[in-house]
Amino acid sequence: DIGPRIGIQGEKEFNNQIKQINNVLRECGSEMNALTGKFAENQDSQEALIAKGKVLGKQYEAQRQKSGILQAQYEKEVAKLRQLADAYQKMKKETGEASAETARAEAAYNKQTDISVNCRQALNRTEKVWRKWKAVRRELRNNWTRWEDRHSRLGMIWEGSGKSST
């Protein structure tokens, strides 16, 4: 039977993709912690904002990819769940509620329900983190805009004073 082999192979690929993304996210977290320490005294400097922006961009992209992969997997799991529900109902009609075949079909359905629920919960957690990173990215963009505004005003003041910057 090729069915279980394909399922296991697909599951292995899914798990590897999630593992790789989680590794990228851990690396980004470590990188961000290092940047926070490095720029503790001057966290709103241009250099700090650029460095943090690059790391946040990687984190954001990884979360987006993870969310997409989890969404696709969730949809597959729900489709399997529907198939198993149909098989269970068919088995119940054909062999009766107390048959061994119906019990196996019910067990498969219940197992798939757990898998689907776990996948949905993982997707919810990932989307929550993704929303958090969107907010952090927005805040960083706002900090950058404030930095540019502040330095633009300083340049106008400098020019208005009649002093040359050269």
Side-chain angles (χ1 to χ4, degrees), residues 4-85 109-166:
R5 229 183 10 223
I6 291 173
I8 290 170
Q9 190 174 18
E11 185 177 325
K12 183 178 178 182
E13 182 181 328
F14 165 76
N15 287 334
N16 285 340
Q17 288 176 326
I18 294 298
K19 192 181 294 185
Q20 287 173 344
I21 290 171
N22 286 340
N23 286 339
V24 168
L25 291 170
R26 269 191 292 283
E27 288 170 12
C28 288
S30 296
E31 230 178 299
M32 188 60 79
N33 287 339
L35 289 172
T36 300
K38 179 180 178 182
F39 295 110
E41 297 297 317
N42 201 4
Q43 65 184 5
D44 289 336
S45 71
Q46 181 181 17
E47 186 182 3
L49 294 174
I50 289 170
K52 288 178 181 180
K54 287 178 182 177
V55 174
L56 284 174
K58 286 194 298 189
Q59 285 178 315
Y60 182 84
E61 182 58 26
Q63 285 293 348
R64 189 190 64 73
Q65 287 176 357
K66 186 175 181 180
S67 183
I69 290 168
L70 285 169
Q71 181 65 43
Q73 187 67 24
Y74 175 69
E75 290 168 7
K76 288 178 190 176
E77 300 300 346
V78 168
K80 285 184 207 174
L81 184 62
R82 288 186 184 117
Q83 289 174 343
L84 288 170
Y109 173 78
N110 290 338
K111 181 179 178 184
Q112 187 61 35
T113 299
D114 290 343
I115 291 169
S116 297
V117 166
N118 290 340
C119 191
R120 182 72 232 180
Q121 289 171 342
L123 179 58
N124 289 344
R125 285 189 303 272
T126 298
E127 288 176 344
K128 182 179 178 183
V129 170
W130 194 32
R131 284 189 302 272
K132 175 186 163 194
W133 285 118
K134 281 172 138 178
V136 169
R137 191 174 171 201
R138 202 171 25 254
E139 181 182 335
L140 186 63
R141 211 174 288 133
N142 291 340
N143 285 345
W144 179 258
T145 301
R146 282 193 300 275
W147 185 89
E148 285 179 327
D149 290 346
R150 189 170 48 231
H151 286 81
S152 175
R153 283 192 306 269
L154 286 173
M156 285 188 283
I157 292 169
W158 183 262
E159 289 172 8
S161 71
K163 296 180 181 175
S164 174
S165 61
T166 56

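The first residue in the sequence is number 1, and the count goes up from there.
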Check: Could E61 and R64 be called an ion pair, given the rule that one side-chain N must be under 4.0 Å from one carboxylate O?
Finding: yes
Item checked: Closest approach of K52 to M32 (non-hydrogen atoms, all atoms of both residues) -> O-CE, 3.6 Å
Check: Taking all atoms of both residues into account, what is the closest heavy-atom pair of N42 and A48, and its distance?
Finding: O-CB, 3.7 Å
Item checked: Non-hydrogen atoms of A62 and I21 that approach each other most closely -> O-CG2, 3.5 Å
Check: Going through the checks in order, is the salt bridge (Lys or Arg N to Asp or Glu O under 4.0 Å) test met by E77 and K80?
Finding: CA-CA 5 Å; E77 300 300 346; K80 285 184 207 174; 3.7 Å; yes
Checklist line | NZ-CD distance between K66 and Q73, expressed to the nearest 0.5 angstrom | finding: 13.5 Å
Item checked: Minimum heavy-atom distance between L70 and F14, given as atom pair plus value -> CD2-CZ, 3.6 Å
Note to self: With rounding to the nearest 0.5 angstrom, report the CG to CD distance, N142 to E139.
What the structure shows: 7.5 Å
Notebook entry, point to check: Which one of K19, E27, R26 satisfies the side chain to side chain donor-acceptor pair (under 3.5 Å) criterion with N23?
Noted result: R26
Item checked: Residue pair N124, K128: steps toward the side-chain contact (heavy atoms from CB on, under 4.5 Å) verdict -> CA-CA 6 Å; N124 289 344; K128 182 179 178 183; over 6 Å; no
Note to self: Rounded at 0.5 Å granularity, tell me how far CD1 in I18 sits from CG in L25.
What the structure shows: 9.5 Å
Note to self: Show, in sequence, the C-alpha distance, side-chain angles and deciding distance for E31 and K54, and conclude whether the salt bridge (Lys or Arg N to Asp or Glu O under 4.0 Å) test is met.
What the structure shows: CA-CA 10 Å; E31 230 178 299; K54 287 178 182 177; over 6 Å; no
Margin query: Rounded at 0.5 Å granularity, tell me how far CZ in R131 sits from CD in Q63.
Written below: 11.0 Å
Margin query: Treating T113 as the side-chain partner and Y109 as the backbone partner, does any N or O pair qualify as donor plus acceptor under 3.5 Å?
Written below: yes
Check: Under 4.0 Å between a Lys/Arg side-chain N and an Asp/Glu carboxylate O for R120 and E127?
Finding: yes
Check: To the nearest 0.5 Å, how far apart are CD in Q71 and OG1 in T126?
Finding: 11.0 Å
Check: Do S116 and Q112 come close enough that some side-chain heavy atom pair is under 4.5 Å?
Finding: yes
Note to self: Quick check for you: to the nearest 0.5 Å, what is the distance between L123 atom CG and I69 atom CD1?
What the structure shows: 11.5 Å
Check: Where do C28 and Q59 come nearest, in terms of heavy atoms and distance?
Finding: CB-CG, 3.1 Å
